[in-house]
Amino acid sequence: MAACITKELSCPGCGAVNKSHMWIEIDASADPEQRERMLDETLFFWECPDCNYQAQMVYPCLYHDKERGLLICLSPSGRTQQVIEAEQRHPGLAGLKKRLVLSPAELKEKVMIFESGLNDVALEMVKLALQELTESKQQTRVDRTFFLTMSEELDYLGFSMFLRGEEKPVYQGVRLEVYEKSLRAAERVDFQESGFQLVDLALARTLLEQ
Ligand SMILES: [Zn+2]
């Protein structure tokens, strides 16, 4: 069941107060439209009807994909009361993957990873390796890396990478065998499904160091 709430927001541009919809819960199969909007990055996009001021409006949202057994909690401020409450409402773990993400971009990436049938722990390991390689090759820092696409036909996993100080991403790819290798590594490390977990680069690093 989708849960949409309406709130009055005052525009930072012109001060006009308008009603705005906020999707605090999305069910992927019941709300295909909201899933689409999340994937095309318009769900958290806000535009003032009076002055057309535009902004990203980020708020906590629980994304549920029952078919894939996926429950993702978007919580911009991290492990807040809202995450604890989501945990209490969905205490079960049987066949469920629970993830915590901090931004709409991370939510989109997580959904794309699972919809591609990939293991996100292994994928974060690939991202970590790719990021380290890029940093040493280009002598720069990588701020963020996002999974973009997978093609079995082209033997390709694609990522977008934001280098420090650059607004536009660069695109990098690896062959699927790199992922397969990480998948085997992910199976050997001590990772267990529990509550809403932050499966990110930091976790991949910790698991690999162990
Ligand atoms: Zn306005």
Side-chain angles (χ1 to χ4, degrees), residues 1-9 18-49 52 54-77 80 82-124 126-127 144-154 156-160 169 171 173 176 179 193 195-200:
M1 191 197 75
C4 181
I5 58 169
T6 306
K7 268 201 173 169
E8 291 201 325
L9 291 180
N18 284 292
K19 283 200 168 104
S20 187
H21 296 304
M22 294 160 91
W23 291 85
I24 53 168
E25 209 161 325
I26 296 169
D27 180 324
S29 48
D31 303 302
E33 196 189 325
Q34 303 317 320
R35 172 191 158 277
E36 276 297 322
R37 290 184 61 215
M38 185 273 293
L39 290 174
D40 69 21
E41 300 177 20
T42 56
L43 185 68
F44 296 97
F45 178 80
W46 181 82
E47 185 171 356
C48 172
N52 300 107
Q54 298 177 340
Q56 201 187 37
M57 181 171 64
V58 186
Y59 48 85
C61 173
L62 189 67
Y63 183 89
H64 200 172
D65 183 335
K66 289 183 182 128
E67 267 172 51
R68 292 187 174 81
L70 184 61
L71 204 52
I72 309 174
C73 199
L74 163 61
S75 175
S77 315
T80 55
Q82 174 253 341
V83 182
I84 295 164
E85 282 166 17
E87 193 74 73
Q88 286 163 350
R89 276 187 291 136
H90 302 274
L93 257 184
L96 253 191
K97 287 184 166 62
K98 293 181 183 174
R99 297 290 182 266
L100 172 64
V101 293
L102 306 175
S103 69
E106 287 177 18
L107 172 61
K108 174 182 172 178
E109 181 191 39
K110 255 328 153 203
V111 170
M112 285 168 65
I113 290 170
F114 285 106
E115 289 191 1
S116 302
L118 297 166
N119 174 306
D120 65 335
V121 177
L123 201 91
E124 292 300 323
V126 174
K127 278 166 64 175
R144 282 164 299 146
T145 303
F146 292 102
F147 167 70
L148 272 187
T149 180
M150 176 184 77
S151 165
E152 282 182 37
E153 212 183 336
L154 301 173
Y156 183 81
L157 270 184
F159 299 86
S160 61
Y171 299 100
L176 294 183
Y179 169 74
E193 293 296 339
F196 286 93
Q197 296 200 70
L198 205 53
V199 175
D200 57 4

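In what follows, residues are counted from 1 in the order of the sequence shown.
Taking CG of L62 as the reference point, atom CD of E25 lies at 5.0 Å (rounded to 0.5 Å). To the nearest 0.5 Å, atoms CG (L107) and SG (C73) are separated by 10.0 Å. Distance OH/Y179 to OG/S116: 9.5 Å, rounded to 0.5 Å. Atom-to-atom distance recorded for L102:CG and S77:OG is 9.0 Å, nearest 0.5 angstrom. Here E106 contributes atom CD and S75 contributes atom OG; the two are 11.0 Å apart, rounded to the nearest 0.5 Å. With values rounded to the nearest 0.5 angstrom, R37 atom CZ is found 12.0 Å from L39 atom CG.
K110 is not listed as a side-chain neighbour of E115, based on a closest heavy-atom distance of 4.5 Å or more. With contacts defined as side-chain heavy-atom distances shorter than 4.5 Å, the pair K97/R99 qualifies. Residues K108 and M38 are in side-chain contact: their nearest non-hydrogen atoms beyond the backbone lie under 4.5 Å apart. A heavy-atom distance below 4.5 Å is not found between the side chains of D120 and F147. Two residues are said to be in side-chain contact when any heavy atoms from C-beta on lie closer than 4.5 Å; N52 and E47 meet this criterion. Side-chain contact check for W23 versus I5: every heavy-atom pair is 4.5 Å or farther apart. Residues Y156 and T149 meet the side-chain proximity criterion, which asks for heavy atoms closer than 4.5 Å. Side-chain contact between F114 and D65 is absent, with no heavy-atom pair separated by less than 4.5 Å.
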Stepwise side chain to side chain contact (heavy atoms under 4.5 Å, CB included) check, L157 with L123: CA-CA 10 Å; L157 270 184; L123 201 91; 4.2 Å; yes
Worked verdict on I24 versus C61 for side chain to side chain contact (heavy atoms under 4.5 Å, CB included): CA-CA 4 Å; I24 53 168; C61 173; 5.7 Å; no
Walk me through it: do C4 and M22 pass the test side chain to side chain contact (heavy atoms under 4.5 Å, CB included)? CA-CA 6 Å; C4 181; M22 294 160 91; over 6 Å; no
I would like to know whether I72 and V111 meet side chain to side chain contact (heavy atoms under 4.5 Å, CB included); could you show each step before the answer? CA-CA 8 Å; I72 309 174; V111 170; 3.8 Å; yes
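In terms of modelled atom types and a separation under 3.5 Å, the side chain of Y59 and the main chain of P76 share no donor-acceptor contact. Without hydrogens or angle criteria, K66 side chain to A28 main chain gives no donor-acceptor distance under 3.5 Å. D27 places a side-chain N or O within 3.5 Å of a backbone atom of S29 that can act as its donor or acceptor partner. With hydrogens and angles disregarded, no donor-acceptor distance shorter than 3.5 Å links the side chain of T42 to the backbone of F45. Using a distance-only test at 3.5 Å, with no hydrogens or angles considered, a donor-acceptor pair links the side chain of E87 to the main chain of F196. Side chain of K98 to backbone of G195: no donor-acceptor contact under 3.5 angstrom is found. Side-chain N or O atoms of E109 include none that pairs as donor or acceptor with a backbone N or O of A105 at under 3.5 Å. The main-chain N or O of Q34 is never found under 3.5 Å from a side-chain atom of D31 such that the two would form a donor-acceptor pair.
Heavy-atom neighbours of Q54 CD from other residues, nucleotides or ligands within 6.0 Å: above the threshold of 12.
Checking N18 against E8 by side-chain atom types alone, no donor-acceptor pair falls below 3.5 Å.
Contact detail for L70 and H64: the closest heavy-atom pair is O-CD2, 3.4 Å. Here the shortest heavy-atom pairing between M150 and L118 reads SD-CD2, 3.6 Å.
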